[in-house]
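Chain letters run A, B, ... following the sequence lines, proteins first, then strands; residues in each count from 1. Quick caveat: nothing in here was measured; it's all calculated off a predicted structure.
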Amino acid sequence: MALRVYNTLTRQKEAFQPIESGKIGIYACGITVYDLCHIGHARSAIAFDVINKYLQYLGFDVTFIKNFTDVDDKIIERAHAEGCDIKGITEKYIEAHNRDMDALGVARPTIAPRATENIEGMIRLITTLFEKGLAYDAGGDVYYAVEKFKGYGKLSGRNLEDMLAGARVDINEKKRNPMDFALWKASKEGEPWWDSPWGKGRPGWHIECSVMSQRYLGETFDIHGGGEDLIFPHHENEIAQSEGATGKPLARYWLHNGFVRVNSEKMSKSLGNFSTIQDMLMDYHPEVLRLFVLQSHYRSPVDFSEESLRDARMGMGRFYATLKSLKDSLARHEGTIDEWKGLLTEEHRQVFEKIMTLPERFTEAMDDDFNTARAIGHLYDAVRILNSYMAEGQNEPAPETVYVLVRSRETLLRIGAVLGLFLDDPDHYFDTDRNREVRKRGLNIEEIEGFIEARRLARAQKDWKKADEIRQALVEKKVSLKDISDRTVWKIE
RNA sequence: GGCGGCAUAGCCAAGUGGCUAAGGCAACGGUCUGCAAAACCGUUAUUCACCGGUUCGAAUCCGGUUGCCGCCUCCA
């Protein structure tokens, strides 16, 4: 089966066909840098990160562009509020954004262009739109004449009459049509400005993406992505600008991710119901956040709550428990024992072959519009098979077992990497997880270990009653114990 | 008002015409254990919001009803 993707433009899944064989250009709309990123931004970033990584996994040479909008009303407002220039704001939040994305394991884009570095290109594009009769000057403000562009509304499935019937179009005397949007805004006192044929001003929001995508990916490129709230007006306007100027399709496939919700409502700045990525990373391992997001399809909404994150954490713990078992089983067996390939007895071969079909099943799921939820289901299946297999041949694994486990682990890690999962060392994962949980619940490690030592002494004397009381006290603090032959390990539930 | 999406077990979530409706979390029973925990095995939706229709056959297609959500204003 070949890759199929849901295209917002046609509202159906289509066979994916790159413009140039073996190469893919993706443009994903980035953020306006005036504040910290929240979980909603993380969801979008992770969705396109996985798309990016999966396409590379398939062997495509991917050019991934994600911009920064670094001039905009909100930024100017914020700069005034903090008494600095816009660069003071944008530099700070670009840095914060990059830190957040790095922490989440989101790969940096091939190029991360900024709007303010592309003003000349925007002026050129607006000039072209004037030549085509699609732009008009209204006293220093330049607007796009939407009526002049056939097909305005084709992405969002609207037409101008419907939109005009809507209650919330702002009245602006300067506009010829209420739906016309700004390409260039005359600067007011104290605002940043650039010289242009229409006077001092700054670009409108939409023009930058048309310019930067064309600069780095050409007039027509493969995939354009973003959150579903960008479909209208942002992406609709990009189409009007770019296609109005070139007469060619802007992008072949339009992909939009669904929202993160809180209590069934969109997580957003205006509702104030957001959690920043920084805050969430204090409480959860980054891969728990990724798993939370990837367990749903990227176009569906996901509901964010303490409980859903807790579920994701438990699921992630299951994966790492298996990775830890694999690590421990193989600790004394470096390298692969390749001579066992082809010599496996029936029992070993069955496990081996099941795990070796994992990439196939993974690809089948991901080829269906990046169905990460189904892919993750297959990973859990593999984990169950391996746990069962390891439970049988515990202590000293036979050489053929080692061969199967080495190959299985490679496969698991290779596929996990596409989703940005299993990248941590299992011991490190559980250490940091425990430290996080201990801090969240206000517990004290020395105290817990003191209790465990007291219980060890009680157990040595076969004082089961006392040992159980101690354990019960710990269980009430959500600390669970596991007795292994010579020691006791603990974790937080 | 216009446009669009969603409704699957206690919770989360795959599945878009036909083998036994994935998987995770939770719960319960068993193996293991001094007892537990983890892991493993087993159980938990004759049924997919509701009503009607198409079909040999539908969670899946069509029509209607109800409920929830998004966009139409900055927003991932």
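- At a threshold of 4.0 angstrom between heavy atoms, the contacts of A:N159 with the nucleic acid are absent.
- For the C1' atoms, the distance from B:A76 to B:U65 is 34 Å, rounded to whole Å.
- Within the 4.0 angstrom heavy-atom criterion, no nucleotide atom of any strand lies near A:F48.
- When heavy atoms are screened at a 4.0 angstrom cut-off, A:H378 is found touching no nucleic acid atom at all.
- A:K74 comes within 4.0 angstrom of a nucleotide base, judged by non-hydrogen atoms across all strands.
- The OH atom of A:Y152 sits 17 Å away from the P atom of B:C3 (whole-angstrom rounding).
- Cation-pi contact between A:K269 and A:Y34: present, with separation from the ring centre below 6.0 Å and deviation from the ring axis of at most 45°.
- Rounded to whole Å, the separation between the C1' atoms of B:G5 and B:U46 comes to 30 Å.
- Contact of A:D303 with B:C11 (side chain to base): no donor-acceptor pair of N or O atoms is detected under 3.5 Å.
- The backbone N or O of A:H285 sits nowhere less than 3.5 Å from a side-chain atom of A:T432 that would complete a donor-acceptor pair.
- Across all strands shown, A:S325 has no heavy atoms under 4.0 Å from either base or sugar-phosphate atoms.
- Across the strands present, B:C6 finds its partner in B:G67; the criterion is a Watson-Crick or G-U wobble pair with both atom distances under 3.5 angstrom.
- Phosphate proximity of B:C71 to A:K266: present, with a side-chain N or O under 4.0 Å from OP1 or OP2.
- Geometrically, A:K53 does not engage A:F64 in a cation-pi contact defined by less than 6.0 Å to the ring centre and at most 45° from the axis.
- Atom name C1', nucleotides B:C19 and B:C41: the rounded distance is 25 Å, in whole Å.
- Using a 4.0 Å heavy-atom distance criterion, A:R455 is classed as a base contact.
- B:G34 has its base stacked against the ring of A:W464, the centroids being under 5.5 angstrom apart at an interplanar angle below 30°.
- Distance check on atom C1': B:A27 versus B:C12 gives 15 Å, rounded to whole Å.
- By the 30° and 60° cut-offs, the orientation of the rings of A:H41 relative to A:H38 is tilted.
- B:A76 is unpaired under the criterion used here, namely a Watson-Crick or G-U wobble arrangement in which both key atom distances are under 3.5 Å.
- Using cut-offs of 30° and 60° on the angle between ring planes, the pair A:Y380 and A:F319 is parallel.
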